[in-house]
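Below: one structure, written as structure tokens.
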Amino acid sequence: MRNDLDFDLAYNHCRKIAVRHYENFPVGSLLIPKNKRKFIYSIYAFARTADDIADSEMLEEDVKLNMLNDFEHELDKIIAGKLDILKDDTKLIFIALSNTINELKINTSEFRNLLAAFRQDAVKCNYETFDELISYSSNSANPIGHLVLYVFGFNPASDKECFERSDDICTGLQLTNFWQDVSVDLRIPRIYIPDEIMRKNNYSRDMLLQKKEDQDFRKTMCELVEMTRIFFERGRSIVKHTSGRLKFELKATIAGGEEILKKIRQINYNVLSERVSLNNFDKIKLLPKLIG
């Protein structure tokens with residue numbers, strides 16, 4: 001690894017991105033030990049920047065794919081110890097990421113999988129089967145869980161059960177986000193409700209685009225919410241393999257995802273006309289689940 005790279009400057013740049021664009025990722029959580037936060041910043045900055053490329057309304061499809069391919073080339077250069085081509089702020093992200101990868105001994109396949117999901121977002125707007133969503137989540141969401149485990153000192157070879165249960169939780173979160181944001185994604189337009197499940201319930205993509213919120217739509221959403229709940233149930237046992245701040249963070253993550261699903265049920269699955277979210281009172285209500 002080159003010793004002329006300014007890692008402090010690079011990590012600070014990533015921190016600014018994380019603070020500016022914070023969403024549902026523990027970039028600023030007090031549950032993340034101070035000495036580990038810089039790693040989270042670099043991971044988030046990479047994912048956020050690549051995701052913004054994939055979701056950009058200003059860029060053509062081929063431009064998006066070329067930019068994401070450039071990101072993969074930078075990962076290749078991390079392995080080769082060469083980070084001297086990019087001439088903009090993106091270079092700082094990869095300088096920080098190179099240190100994170102080497103310090104934590106992360107397999108770069110985690111980042112390559114994220115890029116595969118972002119490329120898919122750039123070209124794919126709808127899905128035929130639920131299995132396609134699971135495959136997408138294995139690239140878009142599961143690597144994030146793996147990376148958090150790496151930050152906390154876990155390894156996929158020796159902590160296989162943790163990584164598998166993390167996959168359940170992250171897939172559950174990804175699916176929950178889909179059902180939470182059905183109306184938001186339609187604006188892109190992007191549809192994550194599988195065609196096969198809509199057909200099963202006498203609903204269609206055209207009806208969805210027309211925002212028809214009838215009983216067949218509610219049956220569709222009910223089925224998807226129940227299928228998603230199972231992932232959280234499977235993932236819950238991860239807390240037996242963790243401790244301290246990470247255990248608390250995982251319990252909070254699961255509880256938050258399940259609460260979103262509960263809220264969708266409470267509005268009778270009418271997610272086209274109402275977007276559910278967690279407010280401060282909801283988070284306070286979840287505290288007994290976190291300390292129990």
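Because the structure is predicted, anything quoted here is derived from the model rather than measured.
- Geometrically, Arg234 engages Phe231 in a cation-pi contact, judged by NZ or CZ lying under 6.0 Å from the ring centre and within 45° of the ring axis.
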Task: Worked verdict on Leu250 versus Val148 for side chain to side chain contact (heavy atoms under 4.5 Å, CB included) - done: CA-CA 10 Å; Leu250 289 167; Val148 171; over 6 Å; no

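- In this structure, Tyr11 has its ring center at least 6.0 angstrom away from the ring center of Tyr41.
- Looking only at distances, a side-chain donor or acceptor of Asn155 sits under 3.5 Å from a matching main-chain atom of Ala157.
- Side chains of Asn142 and Thr171: a donor-acceptor N/O pair is present below 3.5 angstrom, by distance only.
- Put simply, CD on Glu61 and CG on Asn66 are 10.5 Å apart, with the number rounded to the nearest 0.5 Å.
- The pair Arg199-Glu128 meets the salt-bridge criterion, since a charged nitrogen lies less than 4.0 angstrom from a carboxylate oxygen.
- Note that CG of Leu147 is 4.5 Å distant from CD1 of Ile43, once rounded to the nearest 0.5 Å.
- Remark: the Ser42 side chain and the Thr100 side chain contain an N/O donor-acceptor pair separated by less than 3.5 Å.
- For the residue pair His146 / Asp167, a side-chain donor-acceptor distance below 3.5 Å is found, with atom types taken as modelled.
- Val123 and Tyr127 sit in two unconnected hydrophobic clusters of ILVMFWY residues. Membership requires side-chain heavy atoms under 4.5 Å apart, directly or through other members.
- For the residue pair Tyr136 and Asp121, a side-chain donor N or O sits within less than 3.5 Å of a side-chain acceptor on the partner.
- Under the 3.5 Å distance criterion, the side-chain polar atoms of Thr253 are matched with a main-chain donor or acceptor of Glu249.
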Task: Derivation of the salt bridge (charged side-chain N to carboxylate O under 4.0 Å, His left out) call for Asp214 and Arg218 - done: CA-CA 6 Å; Asp214 59 10; Arg218 288 187 282 273; over 6 Å; no

- [ ] List the steps and the verdict of side chain to side chain contact (heavy atoms under 4.5 Å, CB included) for Phe118 and Ile53.
- [x] CA-CA 8 Å; Phe118 297 141; Ile53 293 170; over 6 Å; no

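- Ring-centre distance between Phe111 and Phe71: not below the 6.0 Å cut-off.
- Side-chain heavy atoms closer than 4.5 Å link hydrophobic residues (I, L, V, M, F, W, Y) into clusters, and following such links, even through other members, never connects Phe130 to Ile230.
- Counting only heavy atoms from C-beta outward, the side chains of Asp70 and Thr90 never approach each other to under 4.5 Å.
- Thr176 contributes atom OG1, which lies 14.0 Å from atom NZ of Lys263 (distance to the nearest 0.5 angstrom).
- In this structure, Cys125 and Ile188 have side chains that are not in contact, with every pair of non-hydrogen atoms separated by 4.5 Å or more.
- Distance check, rounded to the nearest 0.5 Å: CG of Leu97 to SG of Cys14 gives 7.5 Å.
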TODO: Check the pair Glu164, Lys160 against salt bridge (charged side-chain N to carboxylate O under 4.0 Å, His left out), reporting the backbone distance first and the verdict last.
DONE: CA-CA 6 Å; Glu164 289 178 352; Lys160 187 170 181 282; 2.6 Å; yes

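- Residues Asp216 and Met198 are not in side-chain contact: their nearest non-hydrogen atoms beyond the backbone lie 4.5 Å or more apart.
- A donor-acceptor contact shorter than 3.5 Å is absent between the side chain of Asn177 and the backbone of Leu173.
- Atom NZ of residue Lys16 and atom CG of residue Leu92 lie 9.5 Å apart, to the nearest 0.5 angstrom.
- Arg245 and Pro33 get closest at one heavy-atom pair: NH1-CA, 3.1 Å.
- Residues Ser277 and Gln180 bring no donor and acceptor atom of their side chains to less than 3.5 Å of each other.
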Open item on the list: Applying ring pair (Phe, Tyr, Trp, His ring centres under 6.0 Å) to Phe163 and Phe154, what does each step give before you reach the verdict?
Closed with: CA-CA 9 Å; Phe163 277 74; Phe154 289 80; 7.4 Å; no

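- Using a 3.5 Å distance cut-off with no hydrogens or angles, the side chains of Asn139 and Gln120 do not pair a donor with an acceptor.
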- [ ] Mind running salt bridge (charged side-chain N to carboxylate O under 4.0 Å, His left out) on Glu223 and Lys219 for me, showing each step along the way?
- [x] CA-CA 6 Å; Glu223 182 172 348; Lys219 284 166 55 181; over 6 Å; no

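- Between Glu196 and Lys200, none of the side-chain N atoms (NZ, or NE/NH1/NH2) sits under 4.0 Å from a carboxylate O, so this pair counts as no salt bridge.
- One hydrophobic cluster holds both Leu209 and Met221 under the rule that ILVMFWY side chains link at heavy-atom gaps under 4.5 Å.
- Taking the side chain as every heavy atom from C-beta outward, Phe217 and Val271 approach each other to under 4.5 Å.
- Panel note: side chain Thr49, backbone Ala45; a donor-acceptor pair is recorded below 3.5 Å.
- Here the CG-NZ distance, from Asn12 to Lys38, works out to 12.5 Å after rounding to the nearest 0.5 Å.
- A donor-acceptor pair is defined here as one N or O able to donate and one able to accept, closer than 3.5 Å; no such pair exists between the side chain of Ser109 and the backbone of Arg112.
- Side-chain atoms of Asn102 do not come within 3.5 Å of backbone N or O of Asn99 as any donor-acceptor pair.
- No side-chain heavy atom of Glu110 sits under 4.5 Å from any side-chain heavy atom of Leu114.
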Open item on the list: Determine whether Glu226 and Arg265 satisfy the following criterion, salt bridge (charged side-chain N to carboxylate O under 4.0 Å, His left out), listing intermediate values before the conclusion.
Closed with: CA-CA 10 Å; Glu226 288 307 301; Arg265 288 192 290 268; 3.7 Å; yes

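- Note on Leu68: it does not cluster hydrophobically with Ile79, by side-chain heavy-atom contacts below 4.5 Å among ILVMFWY residues.
- With contacts defined as side-chain heavy-atom distances shorter than 4.5 Å, the pair Ser273/Lys211 does not qualify.
- The aromatic rings of Phe46 and Phe94 sit perpendicular, their planes meeting at an angle over 60°, well past the 30° parallel limit.
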- [ ] Dump the intermediate steps for side chain to side chain contact (heavy atoms under 4.5 Å, CB included) on Tyr203 and Ile193, then the final yes or no.
- [x] CA-CA 11 Å; Tyr203 200 72; Ile193 300 176; over 6 Å; no

- [ ] Evaluate the side chain to side chain contact (heavy atoms under 4.5 Å, CB included) criterion for residues Met67 and Leu59: first the C-alpha distance (whole Å), next the side-chain angles of each, then the deciding distance (0.1 Å), finally the verdict.
- [x] CA-CA 10 Å; Met67 292 176 71; Leu59 300 174; 3.7 Å; yes

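- Salt bridge Arg236/Glu258: present, at least one basic N to carboxylate O contact under 4.0 Å.
- With hydrogens and angles left out, the side-chain atoms of Thr129 and Asp131 include no donor and acceptor closer than 3.5 Å.
- A salt bridge does not link Lys64 to Glu60: none of the charged nitrogens lies less than 4.0 Å from a carboxylate oxygen.
- Checked by atom type and distance alone, the side chain of Ser135 never pairs as donor or acceptor with a backbone atom of Glu132 at under 3.5 Å.
- The closest side-chain heavy-atom distance from Ile95 to Asp6 is not below 4.5 Å.
- Remark: Lys124 NZ is packed, more than 12 non-hydrogen atoms of other residues, nucleotides or ligands lying under 6.0 Å away.
- A donor-acceptor pair is defined here as one N or O able to donate and one able to accept, closer than 3.5 Å; no such pair exists between the side chain of Ser56 and the backbone of Asp52.
- Using a 4.5 Å cut-off between side-chain heavy atoms of Ile, Leu, Val, Met, Phe, Trp and Tyr, with links allowed through other members, Phe7 and Leu9 fall into the same hydrophobic cluster.
- With hydrogens and angles ignored, the 3.5 Å screen pairs a side-chain donor or acceptor of Glu213 with a backbone N or O of Leu272.
- Counting heavy atoms from C-beta outward, Leu261 and Phe232 have side chains that approach closer than 4.5 Å.
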